[in-house]
Structures are given as structure tokens and as C-alpha cells.
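Some notes on the structure that comes next.
Predicted model, so just to flag it, every value in this text is computed and none were measured. Proteins get letters first, then strands, A, B, ... in listed order; numbering begins at 1 in each.
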Amino acid sequence: AQSVTQLGSHVSVSEGALVLLRCNYSSSVPPYLFWYVQYPNQGLQLLLKYTSAATLVKGINGFEAEFKKSETSFHLTKPSAHMSDAAEYFCAVSGGGANNLFFGTGTRLTVIP
Amino acid sequence: GAGVSQSPSNKVTEKGKDVELRCDPISGHTALYWYRQSLGQGLEFLIYFQGNSAPDKSGLPSDRFSAERTGGSVSTLTIQRTQQEDSAVYLCASSLDAGGLETQYFGPGTRLLVL
């Protein structure tokens, strides 16, 4: 069985501050991990994915995530928040014959000017 | 097309009516997925297609839900005798091939409201 847990349904940061969105996964097989972003009234857009190559994954818009097997984590970070980063972020896991994605409940990021 | 498209973008229906939701995947993508996004339930997997066959229907919430895919392209999700709890955003995604590491590209969704 696979699942992800996103700690914090809402996160607020000041413009220019570090963004840290937490994701922990549970998987009985080596996981593939994804971060998607959803802007208001838009579909999900892939930010980055981990597929067992480098543990530090760089994505679009300056975001990156690090796969830590010992902590079963895949937290999303960005050194400096922009106003345009305000959106909902979803962590997801797949693998082990499961072709579909299992999503976390999402974290809504607010950027304060 | 350039991306996954879905129609209609919004649908309001009365309880008990049937609805059909359409998804046009990215050209050349063999795998197609349906998800549902609702308040309190998050993003739930419904069904996926590899070509025209559906190896995994495990997420369909009841026998009122069905889906088909023809010609390895367009897919239709049908909800019969709609209920208020069916109100949600229905998202379609496609990927080049099935497999957990493939990137799924999502459409903008169909927002369904059952009155």
C-alpha cells in the first residue's frame, strides 16, 4: 500500500522567505514521488519528480525536493518565495505496479507581501 | 493537441440525471486516468486505461460510475442517477505509457454540481 502525508494544510510565508512544504510517504516498494502545483481554477502541473536517480531533484520555478529514504520524506523547498508561488501543492506517490498516483491532501501556500 | 482537454468545463445537473464527461488526452499518450477532487476527500483515483482497456477500475465509487475509451484516444466518464455527493471536480490525465514513473499530464477538469 502506498500513501503520502502532507503536514500543514496551510502554510504562509513572507515574500523572499524560504518555502518548505512537507511530505512523508509510505510505500512497501521503492517509490516514485511527485510534486504537483495547482493554481486557482487551473489543472495540476508537474513541478518535479523522483524516479530513483539523484536524490536531490530540481524542478520548475526554482523548486527542489530531496528524497530521504531514512526519513521517508520528500519535502519541497524554494529559497525565496515569490507572490506568484501562491497556489496549492500536492505530493503524490506511485510505484510497485500501481500506475495511478496516490495524492496527499494538499498544502495551500500563501505568500505575504 | 497541446495538452489534455476536458469538456464541459462546468456542469450543473439535477439529482437523478445522468451525465457524461469527456477527456481528450495528449496525442500519442497510451495511458489515461480519471481522478476526482472534492472537498474533504482530496484527490481520488477512479480508473485508468491502457489503450482501450481498463486494467484498474478499483477507484470507481459505485456501479453508477462507468468509463470507456475508444480508438485509444477520447475517454468518457459516465455517472448515472447522479447524487449530491457526486459533486466534485473530475480530472483527467494522460501519460505516454502506463507505469508508475511516467509523468501524468492533467487537464483543467470538469466541475460538476448536482443539485
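Contact annotation for Thr51(A): only side-chain heavy atoms (C-beta onward) come within less than 4.5 Å of a heavy atom of chain B. Heavy atoms closer than 4.5 Å to chain B are found in the side chain of Phe90(A), but not in its backbone. Only the backbone of Glu102(B) comes within contact range of chain A, judged by heavy atoms closer than 4.5 Å. For chain B, the nearby part of Gln38(A) is the side chain; its heavy atoms alone come within less than 4.5 Å.
Between the side chain of Tyr105(B) and the main chain of Leu44(A), no donor-acceptor pair closer than 3.5 Å is present.
Hydrophobic clustering, with ILVMFWY side chains joined whenever heavy atoms are under 4.5 angstrom apart, keeps Leu112(B) apart from Tyr33(B). In the hydrophobic clustering of this structure, Leu60(B) does not group with Phe45(B); members are Ile, Leu, Val, Met, Phe, Trp, Tyr whose side-chain heavy atoms approach within less than 4.5 Å, directly or through other members. Note: the hydrophobic cluster containing Tyr50(A) does not contain Leu56(A) (ILVMFWY, side chain heavy atoms under 4.5 Å, direct or indirect links). If you chain together hydrophobic residues whose side chains sit under 4.5 Å apart, Phe63(A) and Met83(A) fall into the same group. One hydrophobic cluster holds both Phe65(B) and Leu32(B) under the rule that ILVMFWY side chains link at heavy-atom gaps under 4.5 Å.
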Steps toward ring-ring contact (aromatic ring centres under 6.0 Å, His included) verdict (Phe106(B), Tyr36(A)): CA-CA 10 Å; Phe106(B) 284 79; Tyr36(A) 281 86; 5.3 Å; yes

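Atom CG of Leu39(B) is surrounded by 12 or fewer heavy atoms from other residues, nucleotides or ligands within 6.0 Å.
With values rounded to the nearest 0.5 angstrom, Gln104(B) atom CD is found 7.0 Å from Phe34(A) atom CZ. Expressed to the nearest 0.5 Å, how far CG of Leu43(B) lies from CG of Asn100(A) amounts to 11.5 Å.
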